[in-house]
Structure formats: structure tokens, C-alpha cells
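These values consider heavy atoms only, across backbone and side chains, with no hydrogens, waters or symmetry-generated copies. Bear in mind that the values here come from a model prediction, so they are computed numbers and not experimental data.
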Amino acid sequence: MSDTPGKQQNTAAFYGQAVASFAVAMAATAIGIFKLNADAWVRAFLAIAVLYLVTSAFTLAKVIRDRQEVAERAYHPFEKL
């Protein structure tokens, strides 16, 4: 029997919920910006800011995940003693 844990996989329902939640949040934000009573350049600025925030959040999540994966693969020579 192997002592190495398998990679944990998310369920399809969890993945679907995450995608649906992201889509609803982006749609609600887009509608809110579109319906905002302001000049077009203000709405465009807010839209670009939201897109920048989303891409930054994805990048941060990837960096955190990569750090955790590296920490899990770290060599521990005396862990079996």
C-alpha cells in the first residue's frame, strides 16, 4: 500500500457551482455598471477596473496554489522515522 496521498479532485457539482457563481457575479457587476447613471467614460473605467480585479484574483489564486503544491512536494528525509 502506498503512503502517498492521491491528488484531491473537486466534484462536478462544486465546479459547476463555482462557475455559476462567477458568472452571476460578473453579470450582476456588468449590469450594474451599464445601468449606472454616469458618463460613458466613467462606466468604461469601472468596467476596465473590474476586469483588472478579476485577472488579478485569478493570478493570485494560481500563485497560492502553486506555492501549496511545491510545499506538498518538499523533500522530508526524516519524516518516516
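Note: the hydrophobic cluster containing V24 does not contain F14 (ILVMFWY, side chain heavy atoms under 4.5 Å, direct or indirect links). Both W41 and L46 belong to a single network of hydrophobic side chains, linked directly or stepwise wherever heavy atoms of I, L, V, M, F, W or Y lie under 4.5 Å apart.
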Which donor-acceptor pairs under 3.5 Å do the side chains of residues 53-67 make with protein atoms, sequence neighbours left out?
| residue | atom | partner | partner atom | Å |
| --- | --- | --- | --- | --- |
| T55 | OG1 | L51 | O | 3.2 |
| T55 | OG1 | Y52 | O | 3.0 |
| S56 | OG | Y52 | O | 2.9 |
| T59 | OG1 | T55 | O | 2.9 |
| K62 | NZ | D66 | OD2 | 2.6 |

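In terms of modelled atom types and a separation under 3.5 Å, the side chain of T29 and the main chain of A25 share a donor-acceptor contact.
With rounding to the nearest 0.5 Å, the separation of CZ in R43 from CD1 in I33 is 10.0 Å.
Think of Y15 as one node in a network of Ile, Leu, Val, Met, Phe, Trp and Tyr side chains linked at under 4.5 Å; its network also takes in V19.
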